[in-house]
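Below is one structure; the comments refer to it alone.
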Amino acid sequence: MEFKEGIGWRCCYDPDRGLYTAEIGGGPNHDLYEINKEIYDHVDDPDVEWPTSLISKGRHLYMAVDDRCGPPYTVILDSDYEKLCPWAETKTSGTVWDEDMTDAAVEVFASEADNREQRRKKKAEREKRAKTEKNTEDREE
């Protein structure tokens, strides 16, 4: 794995998977992103004033918030975040949002539009699994 780092951010390129990921943290928030090659290539350019703004254009995977404006919470936008970013040190803060609340947030917030397709697919899989389990229970009764 290849890394680039700066104040409050770190990016990773995994050549085995052709995958670019990034982490923003150091303050009250800790976020993980899936980024593209273009972001990775330019994040440490001298003319990039705010690398974290560039990173946050990627697909948001995970966010832990403990900003003292309320109780800490964690939002897992992609349940595969640990597989995508095995190098990142994450820990959940406070309450972890449930799947339904996360699905709703992804549908409402334009900033999370890149997560809609994968969230909808995983929701359909959860609903199919729940329906199968219910049918199995009904047959057992």
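Numbers here are sequence positions counted from 1.
- Note: the hydrophobic cluster containing Val65 also contains Trp97 (ILVMFWY, side chain heavy atoms under 4.5 Å, direct or indirect links).
- Side-chain contact between Val106 and Leu77: present, with at least one pair of heavy atoms (C-beta onward) separated by less than 4.5 Å.
- Two residues are said to be in side-chain contact when any heavy atoms from C-beta on lie closer than 4.5 Å; Tyr33 and Thr52 fail this criterion.
- Between the NE2 atom in His42 and the CG atom in Asn36 there is a gap of 9.5 Å [rounded to 0.5 Å].
- Of all heavy-atom pairs between Ala88 and Arg10, the closest is CA-NH2, 4.3 Å.
- Ring-plane geometry between Tyr13 and Tyr20 is classed as parallel, the angle between the planes falling under 30 degrees on a 0 to 90 degree scale with a further cut at 60.
- At a threshold of 4.5 Å between non-hydrogen side-chain atoms, the residues Asp31 and Ser56 do not count as touching.
- Gly58 approaches Ile39 most closely through the heavy-atom pair N-CD1, 4.1 Å.
- More than 12 heavy atoms of other shown residues, nucleotides or ligands fall within 6.0 angstrom of atom CD in Glu125.
- For the residue pair Cys12 and Phe3, the shortest heavy atom distance occurs at CB-CE2, 3.5 Å.
- Between atom CD1 of residue Ile24 and atom CE of residue Met63 there is a gap of 12.0 Å, rounded to the nearest 0.5 Å.
- One finds the NZ atom of Lys123 at 13.0 Å from the CD atom of Gln118 (value rounded to the nearest 0.5 Å).
- Other residues, nucleotides and ligands contribute more than 12 heavy atoms inside 6.0 Å of the CD atom of Glu2.
- Considering all non-hydrogen atoms of both residues, Met1 and Pro15 come closest at CA-CD, 4.2 Å.
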- Message: Does Ile76 form a side chain to side chain contact (heavy atoms under 4.5 Å, CB included) with Val96? I'd like the steps, not just the answer.
- Response: CA-CA 8 Å; Ile76 299 171; Val96 177; 4.0 Å; yes
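- Applying side chain to side chain contact (heavy atoms under 4.5 Å, CB included) to His30 and the options Thr90, Thr74, Asp66 leaves one that passes, Thr90.
- Lys4 places none of its side-chain heavy atoms less than 4.5 Å from the side chain of Pro51.
- Taking a cutoff of 4.0 Å between a charged side-chain nitrogen and a carboxylate oxygen, Asp80 and Lys122 qualify as a salt bridge.
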- Starting from the C-alpha separation in whole Å, work towards a yes-or-no answer on side chain to side chain contact (heavy atoms under 4.5 Å, CB included) for Tyr81 and Thr21. CA-CA 10 Å; Tyr81 75 94; Thr21 53; over 6 Å; no
- Task: Could you give me the CA-CA distance, side-chain angles and deciding distance for Leu19 and Glu34, then say whether side chain to side chain contact (heavy atoms under 4.5 Å, CB included) is met?
- Result: CA-CA 8 Å; Leu19 181 66; Glu34 181 179 17; 3.4 Å; yes
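- The same ILVMFWY cluster, assembled from side-chain heavy atoms under 4.5 Å apart, contains both Trp9 and Tyr40.
- Looking at Asp67, its side chain does come within 3.5 Å of a backbone N or O of Cys69 through a donor-acceptor pair.
- Arg119 pairs in a side chain to side chain donor-acceptor pair (under 3.5 Å) with only one of the listed residues (Glu99, Glu107, Glu112), which is Glu99.
- When only modelled atom types and interatomic distance are considered, Asn115 and His60 share no side-chain donor-acceptor pair under 3.5 Å.
- By the rule that hydrophobic residues join a cluster once side-chain heavy atoms approach within less than 4.5 Å of another member, Trp87 and Ile35 end up as members of separate clusters.
- In this structure the side chain of Arg59 reaches within 4.5 angstrom of the side chain of Leu84, judged on heavy atoms.
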